[in-house]
Amino acid sequence: EQGIEIEIYKADVSKREEVKKLVDYTLNKYGKIDILINNAGIAIDTLFEDKSKENFMKTLEINTIAPFLLSKKIGLEMRKNQYGIIINISSTNGIDTLYPESIDYDASKAGLISLTTNLANYLAPYVRVNTICPGWIKTDMNKNLSSEFIANERKKILLARFGEPKEVAEVVKFLISAKASYINNSIIRVD
């Protein structure tokens, strides 16, 4: 589309100082931020017995603490401007698709759902905060799954297939549109 400027800014969003630089840069350049999509995520799947505190903490830092840091810095600006939309990308793993190998991922995504509820209440009435919870989506995070595992998981999915990233993007597109102007503090499954 014409008239759209795209810029890439590389930052480790689990680090407060890098979040501050990212947000300050964006606010200085554009004056405000209308939409925040917290989409960074990692999964470090191992046997439960092999889970380390370090990997558990790293998963929490990226999947839960980074959205908190970004939402705090940007959400308060949005509230001051009396407008904003925050979308957190969680997972069905944060609700009811649980795996012992992903206990840290599951906990981090459940925490993101809780963060959504708290932010929606705190930043109301000016900022809408919602969560999208995808199920299995064809992403790089899932590219190393065995064909046997994928076949078993497909049997559990009502549509008998993994979703496409575009299908999640369409829900994001809807939530940032005026068509979703009365949707706040909601959890939307894309599964």
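Here the closest non-hydrogen pair linking N63 and S108 is ND2-OG, 3.0 Å. Nearest heavy atoms, A40 versus K109: O-NZ, 4.5 Å. Of all heavy-atom pairs between G135 and T92, the closest is CA-OG1, 3.6 Å. M141 and A43 make their closest contact through SD-CB, 3.9 Å (heavy atoms, listed as atom of the first residue, atom of the second, distance). Contact detail for L112 and P67: the closest heavy-atom pair is CD1-CB, 3.6 Å. Pairing each heavy atom of P134 with each of S90, the nearest pair is CD-O, 3.4 Å.
You'll find the side chain of M78 reaches within 4.5 Å of the side chain of L36, heavy atoms only. Using a 4.5 Å cut-off on side-chain heavy atoms (C-beta onward), D12 and I62 make contact.
Taking Ile, Leu, Val, Met, Phe, Trp and Tyr as members and joining any whose side-chain heavy atoms lie under 4.5 Å apart, directly or through other members, the hydrophobic cluster of I89 also contains I35, I37, Y83, I85, I87, I132, I137, V168, V171, V172, F174, L175, I176, I183, I188, V190. Cluster note: I187 groups with I95, I113 through ILVMFWY side-chain heavy atoms spaced under 4.5 Å, whether in direct contact or through intervening members. Here Y30 sits alone; no ILVMFWY side chain lies under 4.5 Å from its own, so it joins no hydrophobic cluster.
Heavy-atom neighbours of Y126 OH from other residues, nucleotides or ligands within 6.0 Å: at or below the threshold of 12. A 6.0 Å sphere centred on CD of E17 holds more than 12 heavy atoms belonging to other residues, nucleotides or ligands. For R154, the CZ atom counts as densely surrounded, since its 6.0 Å shell holds more than 12 non-hydrogen atoms of other residues, nucleotides or ligands. Heavy atoms of other residues, nucleotides or ligands lying less than 6.0 angstrom from NZ of K73 number more than 12. Taking a 6.0 Å sphere around NZ of K155, one finds it holds 12 or fewer heavy atoms contributed by other residues, nucleotides or ligands. The number of heavy atoms from other shown groups lying within 6.0 Å of CZ (F48) does not exceed 12. For NZ of K51, the number of neighbouring non-hydrogen atoms (other residues, nucleotides, ligands) closer than 6.0 Å is greater than 12.
To the nearest 0.5 angstrom, E54 atom CD is 12.0 Å from D104 atom CG. Distance NZ/K138 to CZ/R161: 7.5 Å, rounded to 0.5 Å. Atoms CG and CG, on N130 and L119 in that order, are 11.0 Å from each other to the nearest 0.5 Å. Here D45 contributes atom CG and Y105 contributes atom OH; the two are 9.0 Å apart, rounded to the nearest 0.5 Å. To the nearest 0.5 Å, the span separating CG on L76 from CG on L123 amounts to 6.5 Å. Between the CG atom in N185 and the OG1 atom in T117 there is a gap of 4.5 Å [rounded to 0.5 Å].
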Where do N38 and S71 land on the side-chain hydrogen bond (donor to acceptor under 3.5 Å, both in side chains) test, with the steps shown first? CA-CA 8 Å; N38 287 309; S71 298; 3.2 Å; yes

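The side-chain hydrogen bond (donor to acceptor under 3.5 Å, both in side chains) test applied to E153 returns Y99, W136, K156, not counting sequence neighbours. Here K143 pairs with D140 under the side chain to side chain contact (heavy atoms under 4.5 Å, CB included) rule; sequence neighbours left out.
Annotation: side-chain hydrogen bond (donor to acceptor under 3.5 Å, both in side chains) contacts involving residues 169-178, sequence neighbours excluded, are absent.
The cluster map of Ile, Leu, Val, Met, Phe, Trp and Tyr, joined by side-chain heavy atoms under 4.5 Å apart, puts F68 and L22 in the same cluster. If you chain together hydrophobic residues whose side chains sit under 4.5 Å apart, I86 and L115 fall into the same group. Taken together through direct or relayed side-chain contacts under 4.5 Å among Ile, Leu, Val, Met, Phe, Trp and Tyr, V127 and L27 form part of one hydrophobic cluster. Note: the hydrophobic cluster containing V19 does not contain L60 (ILVMFWY, side chain heavy atoms under 4.5 Å, direct or indirect links). Connection of L69 to Y122 is established within a shared hydrophobic cluster, with ILVMFWY side chains joined at heavy-atom distances below 4.5 Å, either directly or through further cluster members.
A salt bridge links K80 to E77: one of the charged nitrogens lies within less than 4.0 Å of a carboxylate oxygen.
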